[in-house]
Amino acid sequence: MNVLVLNSGSSSLKFQLIATDLDRIQRNEDARLLRGEVERIGGEAIVTLGKSNGAHQTLTAPLRDISAALDFVIRWITSDKSGLSEVRGPADVHAVGHRVVHGGERFSESVIITDDVLKGIEECIELAPLHNPNNIKGILAVRSLFGAGLPQVAVFDTAFHHSLPEHAYLYAIPYHLYRRHRIRRYGFHGTSHRYVAYRFRVLRNVTREQTHVITFHLGNGCSAAAIRNGDPVDTSMGMTPLEGLVMGTRSGDLDPAIVNLISAKEGLSAHEVEALLNTQSGLLGISGLTNDMRVLQAELKEHDDRRARVAIEVFCYRARKYVGAFLAAMGGADGIVFTGGIGENSPEIRAQICGGLEWAGLTIDPERNKKMVGKEGIISSEGSQLAAYAIPTDEELLIARDTVRCILGEPHPS
Ligand code: AMP
C-alpha cells in the first residue's frame, strides 16, 4: 500500500510517501519512497522534493494555500520528475495518514477519518487553536483532490498519553474548570514517544508490558514521557505544549503568577505574555542569541559565551530533574531514550543531562555516546543499571503503519 503521510502546518506542508503493508511491518521492511516539504505557503513557496534516500531539489512556486501546495506535490509525485515507477497517477496513492495535533479526550488511538471523526477534530480546535485548523485543512484538501473514496487516517499527537492516570493529568485547580473547559494535561509528541519506546523494546528484546522507560524528545520542542508497562503514566507537556522542559523558544514550567507580573511590568496583554513564553523564551530567551542548540554550542566553544553556557545548563538541569521525578513517578525504569534533533545528535547534551545520575544507576559510556549521532544504539556503559539509548525518531513511519492497520482493521500493537 502506498501511503502518503502529511503534516500540515500554518504555512508548511511536510510529506513522505511510504510503501508498507502488514507483511512489511512484520519484517520491518517498509519502503520509504519520497519525501519533501513546502514552506512559506501563501506566497512564493519554497518546495523541497526528492527520493527518501536520494538527492533533493529545491524550487519555488506561487502556492496560495494548503490545497494548492498539496496539488503541486501530487502532480510532482505522479509525474516522471519524481523518478518513481510505482506511482503513475493519483490512483497509485492508496491512503493518506495525517498527523493531527490534538485529539482531546475522545481519541485514544488512530482512526479512519469519517465525517463524525472530522467533527471530533473540529471540536478539539479550542484545545489547539494554532494546529488543528491546519490539520483539518490538509484533510479537506485531500478529499477535494482525491475524492471521498480515498481512505484517510488521523494519527494524534495526544493519543499515546491517553493512559495517563487522573492523578497525573488533573491540575490542582477548581474541578469545575476541568469539567467545563476540559482544562487538564494532555501531553504531546505522542507518536515520537511511542515510536522510540517501540524501538527500545525491540533493542532490549522485551514485550510491550515489560517496557519501563523514560523517553526524551529533545528538538525545537521538548518533552519527556514516563512509560510503564508500555503506556505513559506521566509526561512533561500539559494542556498545551508550553509546559515542561526548557525548549528552543518555550519557557517550559514556570510560576503562573509570573504571567500577571510580566503583563503589569511590561504593559502586555495576557495573550502577548503567552506569545512571549512560547516564542521568545527557552534557549533563545536565556541566551539572547538563538533557539538553535548547535549554534549555542558553537558560541560556547568559540567565544566562551556566558549566556550560551547558562542557557545550556538550564536546559540540561531541567531535563535531569525530570529523570528524577519520573523515576519516582513510575517506581523505577530500565532505560532512558533520547530522540529529536538534539537528543539524536548531541552526545554533549546527553552526557550533561545524565551527569550526576550515577546514584540512579546510570553511567554513560563516552565512546558509545560519541559514536551514536543520528543512529540508533546504546550509549550507557556495560554495567549501567539504567540503560541509555539514542534512537532517531520516525513519526512518519508510525503514521504510515497506523494508516495501514486502521484500514485493515488490525490493532495497533506499537
Ligand atoms: P528538531 O525540532 O527535532 O528538528 O530539532 C531541532 C534542534 O536540534 C535544534 O536546536 C538544532 O540545533 C538541534 N540539533 C540538530 N543537530 C544537532 C547537533 N548535531 N548537535 C546539537 N544540536 C543539534
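Both counts, for ligands and for their atoms, begin at 1 and track the order of listing. None of these values were measured; they are calculated from a predicted model.
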**Shortest protein heavy-atom distance from atom 19 (N) of ligand 1, along with the residue and atom involved** =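 Going by distance alone, atom 19 (N) of ligand 1 is nearest to N345 CB, 3.4 Å.
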**Complete:** Of all protein heavy atoms, the one nearest atom 6 (C) of ligand 1 is N220 N, 3.7 Å
Report yes if [X] has an N/O atom closer than 3.5 Å to an N/O atom of ligand 1; otherwise report no.
{"X": "I342", "value": "yes"}
{"X": "M293", "value": "yes"}
{"X": "H217", "value": "no"}

**Prompt:** Under 4.0 Å from ligand 1, counting heavy atoms only, is it the side chain of E344, its backbone, both or neither?
**Reply:**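 Contact part for E344 vs ligand 1: neither.
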**Request:** Could you point out which residue of I41, I66, V38 forms a side chain to side chain contact (heavy atoms under 4.5 Å, CB included) with S8?
**Result:** I66
**Request:** Would you check whether N291 reaches within less than 4.0 Å of ligand 1, judged by its heavy atoms?
**Result:**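 N291 counts as a contact of ligand 1 under the 4.0 Å cut-off.
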Can a side-chain donor-acceptor contact be found between [Y] and [X] if the only test is distance below 3.5 angstrom?
{"X": "S223", "Y": "H193", "result": "yes"}
{"X": "E39", "Y": "S12", "result": "no"}
{"X": "R32", "Y": "N53", "result": "no"}

Output the list of atoms in ligand 1 that are nearer than 4.0 Å to some heavy atom of [X], sorted by atom number.
{"X": "S346", "answer": "20 (N), 21 (C)"}
{"X": "Q297", "answer": "20 (N), 21 (C)"}
{"X": "G341", "answer": "1 (P), 3 (O), 5 (O), 8 (O), 13 (C), 14 (N), 15 (C), 16 (N), 17 (C), 23 (C)"}
{"X": "D292", "answer": "10 (O), 11 (C), 12 (O)"}

**Message:** Do V3 and V96 make a side-chain contact, defined as non-hydrogen atoms from C-beta onward lying under 4.5 Å apart?
**Reply:** no
**Message:** Can you check atom 8 (O) of ligand 1: any protein non-hydrogen atom closer than 4.0 Å?
**Reply:** yes
**Request:** Run through H162, H161, H102 and flag the one making a ring-ring contact (aromatic ring centres under 6.0 Å, His included) with Y186.
**Result:** H102
**E86 atom CD: more than 12 heavy-atom contacts under 6.0 Å** =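 It does: E86 CD has more than 12 such atoms within range.
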**Prompt:** Does any N or O in the side chain of R199 come within less than 3.5 Å of the main-chain N or O of R194, such that one atom is a donor and the other an acceptor?
**Reply:**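 A pair under 3.5 Å: no.
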